[in-house]
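Let me begin by presenting the structure, written as structure tokens, before commenting on it.
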Amino acid sequence: MNKKFVYFICVVAAMGGLLFGYDWVVIGGAKPFYEVYFGIADSATMQGLAMTVALVGCMIGATLCGTLADSIGRKRLLIVSSLIFFFSALATGAFNGFEAFLCARFAGGVGIGVASGLSPMYIAEVSPSSIRGRLVSLNQMTIVLGILGAQVTNWLIADDIPDGVVAADSWNVLMGWRWMFWAAAVPSAAFFALALFVPESPRWLMLKGRRSEAEAIIKRLGYGSVEMADGEQKAKRQDGNWRRLMQCSRVLALGLFIAVFQQWCGTNVIFNYAQEIFQGAGYEVGDVLFNIVITGIANVVFTIVAINTVDRWGRRSLMLLGAGGLCLVYLVLGCCYYMQVTGAFMVVLVVAAIGCYAMTLGPCTWVLISELFPNSVRAVAVSLCTFALWVGSSTLTYTFPLLNGALGSYGTFWIYSAVCAVGFIFLFFRLPETKGKSLEQLEKEFSQADARN
């Protein structure tokens, strides 16, 4: 294997994850300031719209991802997504009207939706089986680095907030939140420049009948021509074949469940509603930003653990560990909110939840949905799963303040605990192990299972 080249193209593809993570979380730090600027601090409806409009864009971007990836190729779509990130970052910070701000956030969401499905799919298609989990997990690493980058950027940009009161004429309200969004333009430009140098996916080239080009790229990758050649017979099938996808109904249902469960497990509300969660634990706004950085560091550290275990422990073991661990952590967290516990212990519990998620459900979900499906329908299937994931994220984000208001923080986290318990049971009976197997070998095994059922 040409290790340096393989790692280079996987890291470049994973930059889509970096921008996905940054753009997804930056709004949490900007939230207290743009709400005052746009005069929506007292409107729960407008606040919810500002937080969820990007998620609507994510769903549309995810829907388009499969069709575009099959029609124009993985590489070109990586370049397109980098441009979407670049211009949406500039526009979001530049607009003075709330409606224009929403449009820019929507465009950024489209970029997130495209990148969230495309980056792990591309990495899976160019990776050798023995380290595919590790390489696809690089995408999750860049996501959490993007999250941490947004958290640190928000913390550094924001001026001190006297007495925890956000003044309408403060620099944070007038300009600070703009720079939080503009900062994403720099990595977006780097992503665009580097994406020009990555090759096309050889599996996509085979699907298009461009054998000589695929062989040339396989030679540059320096590994497993036999492994790739196994996919040539599949290349004769019509790509994007919906009938073929429906024949994989069992594995498609598994992929959809995994995608939605990653969101409904509840961990991502900590990033989007960190202000409310930490304030509920007794912290002021200024301390909240610092605590958010702590959660971001934990996210990175435990993702590194995942990268070093996903190909040794396996996807199934980590997914079960994540579902069971979060079930217990949320149960304890809900009890602490119920008993009105405040202070550092609450931060420890939140960090424990993030750590458990970061080394299990976070990366393993992307690994699984990028490797479960046949070569001929992978782009469409990954697109559907990514769409389902963002539907799950949207419903989670929208319902958290409603649940929190109606049931309190304790009731909300007890519900997430119950969801994790259901997820554990489902995965225990339905999720097979996929580590160490080529994409073509997995396709054969799943096809045989579908035929038996």
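Computation of the quantities below employed the complete heavy-atom set of this structure, encompassing side-chain atoms and omitting hydrogens, waters and symmetry-equivalent molecules.
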Kindly give the heavy-atom pair with the smallest separation between Ala104 and Ser88, and that separation in Å.
-> O-CB, 3.8 Å

Determine whether the side chains of Ser393 and Trp264 contain a donor N or O and an acceptor N or O closer than 3.5 Å.
-> no

Scan side-chain atoms only and decide if Gln140 and Thr303 contain a donor-acceptor pair under the 3.5 Å cut-off.
-> no

Should Phe86 and Phe192 be marked as a ring-ring contact (aromatic ring centres under 6.0 Å, His included) after you check the CA-CA gap, both sets of side-chain angles, and the distance that decides it?
-> CA-CA 9 Å; Phe86 179 78; Phe192 171 77; 8.5 Å; no

Kindly say whether Pro363 contributes a backbone atom to a donor-acceptor pair with the side chain of Ser137 at under 3.5 angstrom?
-> no

Check whether NZ of the Lys or CZ of the Arg Arg178 lies under 6.0 Å from the centre of the six-membered ring of Tyr37 and within 45 degrees of that ring's axis.
-> yes

To the nearest 0.5 Å, how far apart are CZ in Arg74 and OG in Ser201?
-> 5.5 Å

Is the shortest distance from a Lys or Arg side-chain nitrogen in Asp311 or Arg132 to a carboxylate oxygen in the other one below 4.0 Å?
-> no

Interatomic distance, Leu135 atom CG to Tyr7 atom OH [nearest 0.5 angstrom] = 5.0 Å

Name the atoms and distances for all side-chain donor-acceptor pairs under 3.5 Å in residues 317-331, with sequence neighbours left out.
unit_1: Ser317; atom_1: OG; unit_2: Trp313; atom_2: O; d: 3.3
unit_1: Tyr330; atom_1: OH; unit_2: Cys265; atom_2: O; d: 3.3
unit_1: Tyr330; atom_1: OH; unit_2: Thr267; atom_2: N; d: 3.0
unit_1: Tyr330; atom_1: OH; unit_2: Thr267; atom_2: OG1; d: 2.7

Ignoring hydrogens and geometry, is there a side-chain-to-backbone donor-acceptor pair from Arg378 to Phe373 under 3.5 Å?
-> yes

Between Phe387 and Thr63 the two heavy atoms that sit nearest each other are CD1-OG1, 3.0 Å

Supply the atom-to-atom distance Ile369 CD1 to Gln262 CD, rounded to the nearest 0.5 angstrom.
-> 7.5 Å

Lys NZ or Arg CZ of Arg203 over Tyr122 ring: under 6.0 Å, within 45° | no

Atom pair CG (Leu256) and CZ (Phe261), whose distance is rounded to the nearest 0.5 Å = 15.0 Å

OG1 on Thr386 to CG on Leu118, rounded to 0.5 Å = 9.5 Å

Phe20 and ring-ring contact (aromatic ring centres under 6.0 Å, His included): which partner among Trp390, Phe85, Phe191?
-> Trp390

